[in-house]
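Report on one structure; see the data block that follows.
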Number of protein chains: 2
Amino acid sequence: MLDPVLARIDADLPQATNRLLALLRIPSISTDRAYAPDCEAAADWLVQDLADMGFRAAKHPTPGRPMVVGSGGEGDRHLLFYGHYDVQPVDPLNLWRSPPFEPAVEETPAGPVIRGRGAADDKGQLMTFVEACRAWIAVHGKLPARVTMFFEGEEESGSPSLIPFMESNRDLLRADVALICDTGLFDRDTPAITTMLRGLLGEEVTITGPRMDLHSGMYGGAAINPIRVLSRIIAGLHDEAGRVTVPGFYEGVEELPPDLRAQWESLGFDAEAFLGDVGLSVPAGEQGRSVLESIWARPTAEVNGISGGYAGDGFKTVLPSRATAKISFRLVGRQDPLKIRESFRAMVRAQVPADCTVEFHDHGASPASVMDTSSPAFEAARAALTDEWPRPAAFTGSGGSIPVAGYFKAILGMDSMLIGFGNDDDLIHSPNEKYDVRSFHKGIRSWARILAALS
Amino acid sequence: MLDPVLARIDADLPQATNRLLALLRIPSISTDRAYAPDCEAAADWLVQDLADMGFRAAKHPTPGRPMVVGSGGEGDRHLLFYGHYDVQPVDPLNLWRSPPFEPAVEETPAGPVIRGRGAADDKGQLMTFVEACRAWIAVHGKLPARVTMFFEGEEESGSPSLIPFMESNRDLLRADVALICDTGLFDRDTPAITTMLRGLLGEEVTITGPRMDLHSGMYGGAAINPIRVLSRIIAGLHDEAGRVTVPGFYEGVEELPPDLRAQWESLGFDAEAFLGDVGLSVPAGEQGRSVLESIWARPTAEVNGISGGYAGDGFKTVLPSRATAKISFRLVGRQDPLKIRESFRAMVRAQVPADCTVEFHDHGASPASVMDTSSPAFEAARAALTDEWPRPAAFTGSGGSIPVAGYFKAILGMDSMLIGFGNDDDLIHSPNEKYDVRSFHKGIRSWARILAALS
């Protein structure tokens, strides 16, 4: 069943590339209202393309950019595929070597690339799955499973319509598992299924001391300085071993399963190069944890910003009234963001002296996503990827949050398989974004294999 | 000798007030170039007024606003008097209840006041000494001592020409002691001679970790966060007893002499009200020290500003490259600012982890000024003030720095007597500035007494 599909994909690559170039020519920037008509045009293009393949497809209006949903295929197994058709803005335009919305295939020393805004993030990746379905239908007249396509147009704008749309369209979207194509390969030759995503808890803490800014000559030595109070709180957030000191913080944090640890160790992650790229050499996380474990599987506390008093040029001898820090926690496993928020706030309150007050602002809370990789679908997809690429596929983690995966779980009760084919040098969000033709081609082939494996 | 002078002052008060109002009508704002001609006019007015009294007086050009120097009187004792004729800007103008440069005597429930920009800071105070000299000359035909008047026109602009002018005119300015009239009464009924001024050391510390701002999801748990490093340094600047931990910091800090301590205790300083005015209730300085001792006679370390990462609205999960703090030390006694700077920098460097770098920026260093009150002139002046006011005069401290006193010591080798008659409610630097007629009148009488006592 699979071989003729793969052969068809190989033969159809020029046409598939031309279809992607057509989609890339539409400047569907979601962050700028001026491009709202282009977002509509991109959604229309996708609806038409799905309809051409025999899908029942429609554009769904939202208060922002429209959603596209299409249904095709039949069978016991029901797969939901998610991608986004909106793209990042293009400034600074003068750094582009070719116009961002005049995409083209370009030869480079590392092989041919598709150059243009959205090539990798996410139109090229989205189309890998569409083209795999097209090849299955072309060869066998039908898909090997039931498939729902779900394309968003606001991912680069923080997805304001996503949760309401999911909540209002549960029946339209619910499937056995979600496939998300918006991530990368582990490295050029190693495909990955991201199965652990860290959660995020954001808190803003403001300490107020004196009613107004004071003169540090007149009041220094008598009045409490809120920067000093805040610094002590921050300094106490980690112990000497690099562990977070918030009481109960590690509840729900588990050690890596041995098989996953073995997979990660086999990846040959180059921690020295990872840190060296940003001018560092010493891992700064918990003692006794590898860098990869620290960023994929361990929770953290970071200060993302701090301000207080006079920070302009020169010097002012002010004793400030207020100091503020933005603090975030990356969460793993079954850590409960709301319990941690309460524990953090209690810990801070206990350190605020009698003469100061503290205010907290909530900047969001989402738990970690940990996929149930014991489900056979995950191993089946991993084997399918391993068949396509030079090196075995791995279950990996991600230090950042990919909110849509959490929403699929919370709202639709589905695990997600995050599978993508981007490379670190794709320049997503930057001038001269590109997607390797190899990523596009082997990405389509990978999905064709996964469709077979999951059906 | 003195009584007829005091009587003359009482009789001449309406004329003295009119002279002050004339000077106050000149908008001699030094911070705004547009008022440079007005500063010239104020200097000319003072030169003419001194000449009318028989002083040899002249305007001395500088790269900024001119200095006025006048010499009069004869005798073994040579006094230098310093004041400044420039004033603060007047914005926000709409908060003034009468035009700032249309000064007038105004009746208030607390007695008559002279309302207008510069009434207290410093034209009214400056004229108290001029009028005292005028009365001596009117009654006795001459001054009881040799007097040099020295008026600056850039005090509100940071005195950029003051040090070069002093250095180029040592012979013109050198005297036995300097009298500076730019401070206040201790309280409405208690005059003060400020004999201890804290010094100031300003440092800016920048910690750099990663080469660029990082995504806290991708790097959190692996990369060092410079805000965390800086917070630990700040948190370690004070021990649990509120003492500064910089090695050697307390070298040159001495306990208060018992007689001075007794004077301060007799002042009845209301620490509760002092802190209560700014919304505080708990003294935040070294344990076991009174608030007055903490702000007048103890050294401090304060963070005047801190910044790093994202401090705008909302939230960004950035792991910042840099964090900066502006830190100042108030110095007392014989603390050596340059030794403390080196010790502070060494202490910070020792806390910077291998992956971070630290940069320091020097924001000035001046030692404390401690006058030699064992010189008989100080006790003589104190007795003279005690004769004029309801309560005994005190030697007091000042938490802030008054740079000119330090320059007189460093450049001209003179101690300074800081004697002024301002009240806390004079609204200097604010709309509706005023000077009590009582301050003006008793100020003139005070200087007449001091001239007698010092001659």
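In what follows, every chain begins at residue 1, and chains take the letters A, B, ... in the order their sequences are listed.
- For residues 211-236 of chain A, every residue pair satisfying the salt bridge (charged side-chain N to carboxylate O under 4.0 Å, His left out) rule, not counting sequence neighbours, is listed here: A/Arg232-B/Glu240.
- With a 4.5 Å cut-off on non-hydrogen atoms, A/Lys316 touches chain B through its backbone but not through its side chain.
- Contacts of A/Ile402 with chain B are absent, with no heavy-atom separation under 4.5 Å from either backbone or side chain.
- Using a 4.5 Å cut-off between heavy atoms, A/His238 touches chain B through backbone and side chain atoms alike.
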Show which side-chain atoms of residues 269-285 of chain A pair as donor or acceptor with protein atoms under 3.5 Å away, not counting sequence neighbours.
| residue | atom | partner | partner atom | Å |
| --- | --- | --- | --- | --- |
| A/Asp270 | OD1 | A/Glu272 | N | 3.2 |
| A/Asp270 | OD1 | A/Ala273 | N | 3.0 |
| A/Ser281 | OG | B/Asp355 | OD1 | 2.8 |

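- Identified by a heavy-atom distance below 4.5 Å to chain A, the contributing residues of residues 292-307 of chain B are B/Ser294, B/Ile295, B/Thr300, B/Glu302, B/Val303, B/Asn304, B/Gly305, B/Ile306, B/Ser307, in residue-number order.
- For A/Asp424, the CG atom sits in a loose shell: 12 or fewer heavy atoms of surrounding residues, nucleotides or ligands are nearer than 6.0 Å.
- Side-chain atoms of A/Lys326 do not come within 3.5 Å of backbone N or O of B/Gly309 as any donor-acceptor pair.
- Counting heavy-atom pairs under 4.5 Å between each of B/Gly399, B/Gly400, B/Ala311, B/Gly308 and chain A puts B/Gly308 at the top.
- Among the candidates A/Met218, A/Arg289, A/His215, the residue making the largest number of heavy-atom pairs closer than 4.5 Å to chain B is A/Met218.
- Of all non-hydrogen atoms in A/Phe315 and B/Gly202, the two that sit nearest each other are CZ-CA, 3.9 Å.
- Within residues 362-370 of chain A, the residues approaching chain B closer than 4.5 Å by heavy atoms are, in numerical order, A/His363.
- With a threshold of 4.5 angstrom between heavy atoms, B/Pro320 approaches chain A through side-chain atoms but not through N, CA, C or O.
- With respect to chain A, the highest number of heavy-atom pairs below 4.5 Å among B/Val318, B/Leu214, B/Leu319 belongs to B/Val318.
- Of the listed residues B/Pro226, B/Ala323, B/Gly312, B/Pro210, the one with more heavy-atom pairs under 4.5 angstrom with chain A than any other is B/Pro210.
- Contact of A/Thr317 with chain B is made through backbone and side chain together, with heavy-atom distances under 4.5 Å.
- To the nearest 0.5 angstrom, B/Leu230 atom CG is 6.5 Å from A/Ser231 atom OG.
- In this structure, the portion of B/Ala354 lying under 4.5 Å from any heavy atom of chain A is its side chain and not its backbone.
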